[in-house]
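Heads up: the structure comes next, in structure tokens.
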Amino acid sequence: MNCKNRLPKEFFMQPTLKVAKNLLGKILVRRDAGEEIRAIITETEAYRGPNDKASHASRRITPRNKIMFGPAGHAYIYLIYGLHYCLNIVTERENYPAAVLIRGVKIAGPAAGGKILNGPGKLTKFLNIDKSLNGENIFKSHNLWLENCHYQNHRAYVNKGTRIGVDYAGEWAKKQWRFFIDL
DNA sequence: CGCGGGATTGACT
DNA sequence: GTCAATCCCGCGT
């Protein structure tokens, strides 16, 4: 697999919905215990701005969500339901809270290649991603980063739908801010 | 300082 | 379809 080029900061400075769509087909890389695992991103969700009632940042900056207010390209990781970790990548400018949640991947490479991980908690468990990586700079990190690799199925049709698990968000729950591809 | 709930998952009826 | 697991954190007192 000859794709060592990381996605640049400009990629994450773009509008969050665009980043969420463009992350589909890109490669999430996790290096753990000297081993690199590559995962093709197949499902994402956008959480955007201070008014998005589905977002953790809809009220104000707090110790938990402060990463979302920081610079683009950092990992925002939190524990949900006391059981599972969710991985997000921060987008747009500083002080504007926005991020893309990685909801699904397909494992690449010979080991577990082809394995489907549909669900934000499943992929973090498989890739051993927890809160120790919260705030990680994905442009510099040796443990977690994103690569631009042109897989042949890259241009698969992008499906969209409402975000999962945000029924409490009123009108914001109706936004079609979930994106996914079939690989 | 206590209380309630969550950007989920898997097991079970 | 229902429901429990499990704990951090945001918010109100």
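Order of the sequence lines sets the chain letters (A, B, ...), proteins ahead of strands, with each chain counted from 1.
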Atom pairs and distances, donor-acceptor, side-chain atoms in residues 68-80 of chain A, under 3.5 Å, two or more places apart:
{"residue": "A:H74", "atom": "ND1", "partner": "A:G135", "partner atom": "O", "Å": "3.0"}
{"residue": "A:Y76", "atom": "OH", "partner": "A:H56", "partner atom": "ND1", "Å": "2.7"}

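For the C1' atom pair drawn from B:dG5 and C:dC3, the interatomic distance equals 16 Å after rounding to whole Å.
Once you apply a 4.0 Å limit to the heavy atoms of chain A, the touched nucleotides of DNA chain B run 5' to 3' over B:dG6 to B:dG10.
Under the 3.5 Å distance criterion, the side-chain polar atoms of A:E45 are matched with a main-chain donor or acceptor of A:I164. No donor-acceptor pair under 3.5 Å is formed between the side chain of A:S55 and the backbone N or O of A:R48. In this structure, the side chain of A:T124 engages the main chain of A:Y85 through a donor-acceptor pair within 3.5 Å. Judged by distance alone, the side chain of A:R6 and the main-chain N or O of A:F139 form a donor-acceptor pair under 3.5 Å.
Evaluation of the side chain to side chain donor-acceptor pair (under 3.5 Å) test over residues 163-175 of chain A, restricted to residues two or more places apart or in two chains, returns A:D52-A:R163, A:E171-A:K174. Identified under the side chain to side chain donor-acceptor pair (under 3.5 Å) test for residues 109-119 of chain A, with sequence neighbours left out: A:N118-A:K122.
The shortest distance between side-chain heavy atoms of A:F11 and A:L23 falls below 4.5 Å. Using a 4.5 Å cut-off on side-chain heavy atoms (C-beta onward), A:D32 and A:L127 make no contact.
For the side-chain contact (heavy atoms from CB on, under 4.5 Å) criterion with A:I102, the lone passing option out of A:L146, A:L87, A:L117 is A:L87.
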- The contact string for nucleotides 8-13 of chain C, one letter per nucleotide 5' to 3', using protein heavy atoms under 4.0 Å with B, S and - for base, sugar-phosphate only and none, comes out as SSSS--
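In DNA chain C, consecutive stretches of 3 or more Watson-Crick or G-U wobble pairs with both distances under 3.5 Å are given as paired ranges: B:1-6 with C:7-12, B:8-12 with C:1-5.
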